[in-house]
Amino acid sequence: MTYFPDEVVEHIFDFLSSHRDRNNVSTVCKAWYLVEQLSRLRVFVGNCYAVRPERVMARFPGMKCLTVKGKPHFADFNLVPHDWGGDALPWIETAARCCPGLEELRLKRMVVSDESLELLARAFPNFKSLVLISCEGFSTDGLAEIATHCRGLRELDLQENEVEDHGRQWLSCFPDSCTSLVSLNFACLKGEVNTSALERLVARCQNLRCLKLNRAISIESLIKILARAPNLVELGTGSFTADHRTEAYQNLLNAFYKCNSIRNLSGFWDAAPRYLQAIYSICSSLTVLNLSYAPAIQVNDLIKMIRHCFKLQKLWVLDSIGDKGLAAVACACKELQELRVFPSDVYGTGIAAVTEEGLVAISSGCPKLNSLLYFCHQMTNAALITVAKNCPHFTRFRLCILDPVKPDPISNEPLDEGFGAIVKSCKDLKRLSLSGLLTDKVFLYIGMYASRLEMLSIAFAGESDKGMVYVLNGCKNLKKLEIRDSPFGDAALLENVGKYETMRSLWMSSCDVTQGGCKALAAKMPRLNVEVINEREESDEMVENPSDMHRVEKMYVYRTLTGPRDDAPDFVWTF
Amino acid sequence: MASYVEDTELRLGLPGSDAPASRGSKRSLPENSSAGDESCCRNDGSASAAKAQVVGWPPIGTYRKNNFQAMKVETMVVEPEASGLYVKVSMDGAPYLRKIDLKVYKGYQELKEALDSMFKCFSQGELSRKEGCNGSEYAIAYQDKDGDLMLVGDVPWEMFTSSCKRLRIMKGSEARGLEFRQ
């Protein structure tokens with residue numbers, strides 16, 4: 001291949017879609033490295049502190065699309081202090097200087113200020129797509145900047161962000177000349193929007209295919225919007241409730257009847273059962289249905305709806321669906337690939353909603369299932385073994401038993417065998433989350449069988465350092481390991497220090513790792529940042545000058561080319 | 001976002017107590033609890049207090065959790081559909097009004113029977129205007145969304161329940177006037 005001209009090599013590289021493949025080809029030889037770096041358009045940075053923005057942009061001057069991820073995953077559960085870091089501004093500033101041709105930016109778990117959004121809006125004339133997932137730090141003022149200045153904007157996708165509401169004007173900031181929107185998702189915004197501005201915007205953006213409304217939008221507005229956008233493919237319905245009762249149903253029915261392209265439905269925040277019938281006509285073409293924010297929908301109405309959804313591939317529901325509802329899903333949705341069942345009672349103290357029975361039913365009815373997130377009150381080894389047998393194609397398996405150390409309620413045993421069966425059977429498993437009572441044995445199984453595993457989440461599990469060591473020594477593709485409240489200490493941490501350079505990150509909180517252990521790791525591995533997060537404010541002498549024996553509450557270790565970060569707050573110590 | 005410190009600090013005590021996080025315990029939940037519910041907490045027997053204190057458990061995203069609280073509050077407070085359709089019922093000459101839940105009745109017949117029994121003490125005869133009966137002294141009327149006084153019975157039941165704001169049992173000549181109004 002060295003005899004081929006660069007253009008040919010580049011053309012061949014065009015067929016490589018994954019970042020991993022492109023990373024691999026760039027290490028083959030210098031020539032390929034150069035061709036690849038100049039032709040890479042989509043750049044993925046999994047940890048914003050692993051590399052400096054300048055370095056990324058110097059290497060990939062042709063970058064058109066940038067994805068950056070910030071805080072560790074456990075930040076989603078309040079385990080990472082609010083101002084730990086993950087500021088997006090340095091990335092946007094550097095891109096403004098070095099890559100003004102940037103067209104797409106995707107940020108996850110980062111802090112994005114209005115100032116950043118303003119800069120983004122003004123610095124990139126070809127900017128087309130902004131996707132913010134689980135970010136915070138901005139308000140509707142920042143959105144107004146984007147709307148005002150990004151001419152030719154195609155996509156504004158806000159997923160599960162904390163956005164401060166500074167008023168409804170932002171939507172009106174899309175100029176009359178803006179007709180390019182293809183995707184608009186503001187479902188996470190809490191405040192009202194200017195509905196007539198929204199209707200006009202929808203009307204003039206003839207290419208709009210994805211529209212996700214927030215809870216402030218009532219059915220009356222939804223009907224008007226659907227009338228102007230009959231070609232929608234993805235719809236977030238808004239509150240799905242009406243202010244006045246009589247007329248809405250018939251109009252809603254008519255509106256949906258005309259929208260025969262809808263494949264993806266979500267929203268339904270306050271959905272009253274009467275209105276659900278209006279969507280039956282489109283249920284049979286749905287591939288994605290997200291009812292996980294709709295606690296008002298009762299299980300019988302849910303079942304009535306699900307019966308029509310025979311093409312469904314992805315279903316997100318609340319556990320109020322119950323085992324009975326899941327059995328109905330198993331009957332109807334033979335194409336199901338992904339199921340997420342969220343708890344409707346957040347503190348897990350309510351009546352048992354779904355159990356192992358529901359999961360077993362799904363596994364036997366839906367053989368194509370490959371991705372699962374399941375919050376339940378109990379699980380048995382037998383059930384997991386059955387599930388493993390029925391569904392060997394899992395790539396993502398996340399089980400959360402609400403009581404963190406609950407054993408198999410029938411045999412009173414730990415769930416080692418059940419999870420062992422899963423990892424043994426599902427050879428393509430990439431992501432696994434454990435729960436329930438677990439000994440070191442489950443980690444032995446994981447180390448032995450989960451060779452493709454990339455992300456593992458452990459909570460309240462294991463008995464000794466051996467558990468963690470099995471995983472570190474066994475899972476050769478492991479990229480992210482996050483552990484909380486488990487008895488793994490310094491011996492485990494220091495057993496295989498080279499492993500951490502092959503991984504993106506390791507998180508350990510409320511484990512038995514000590515200050516001394518962290519220091520030792522940092523000393524051995526200079527290309528890792530070993531961050532210790534100390535949040536106490538007590539004037540405890542131990543805290544001022546903690547001894548090496550002092551147990552570390554939260555530790556975050558990640559490989560990096562940059563050395564200790566310069567924006568670390570006081571409570572983060574990097575060894 | 002202040003006082004993050006206390007919120008995120010793992011403890012074994014009851015809320016409000018100052019017991020520092022135990023150095024001796026490896027996890028806040030013991031290993032061989034056969035019934036995880038009971039033995040959650042080592043310092044006291046309160047399982048639910050310990051559960052509520054375990055930061056970040058169950059692992060539900062903050063966004064979803066926050067949305068949830070908002071949703072729960074609202075479904076408790078604002079549920080016109082589920083909580084009944086109460087309208088005032090007045091009867092001419094009666095000293096006080098009553099309230100009934102229109103949702104409870106399946107149709108006009110049931111409604112009239114209910115009103116009969118409710119207001120029996122105030123009337124000498126039946127309220128229901130039976131077909132062919134000209135002697136009834138009463139007519140049941142309702143005030144609709146537009147404020148007009150309408151005779152009960154003309155429109156389909158669902159339409160009636162959705163537009164009825166209050167009921168009025170009229171008697172005497174006024175009632176007869178209403179009967180013949182178009």
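Residue numbers start from 1 in every chain, and the chains themselves are labelled A, B, ... in the order their sequence lines are given, proteins ahead of strands. In this text, all values refer to a predicted model and were calculated from it rather than measured experimentally.
Remark: the A/S344 side chain and the A/D319 side chain contain an N/O donor-acceptor pair separated by less than 3.5 Å. A donor-acceptor contact closer than 3.5 angstrom is absent between the side chains of A/S457 and A/R484.
Neither the backbone nor the side chain of A/D83 comes within contact range of chain B; no heavy atoms are under 4.5 Å apart. A/E162 touches chain B through its side chain: at least one heavy atom from C-beta onward sits under 4.5 Å away, while N, CA, C and O do not. With a 4.5 Å cut-off on non-hydrogen atoms, A/F74 does not touch chain B at all. The part of A/F375 that comes within reach of chain B is its side chain, from C-beta onward, which places non-hydrogen atoms under 4.5 angstrom from that chain.
The candidate with the highest count of non-hydrogen atom pairs below 4.5 Å against chain B, out of A/P414, A/G489, A/C400, is A/C400.
In this structure, A/D270 pairs ionically with A/R215, as a charged nitrogen and a carboxylate oxygen lie closer than 4.0 Å.
No donor-acceptor pair closer than 3.5 Å links the side chain of A/D408 to the backbone N or O of A/N412.
Not counting sequence neighbours, the partners of A/T514 by the side-chain hydrogen bond (donor to acceptor under 3.5 Å, both in side chains) test are A/D490.
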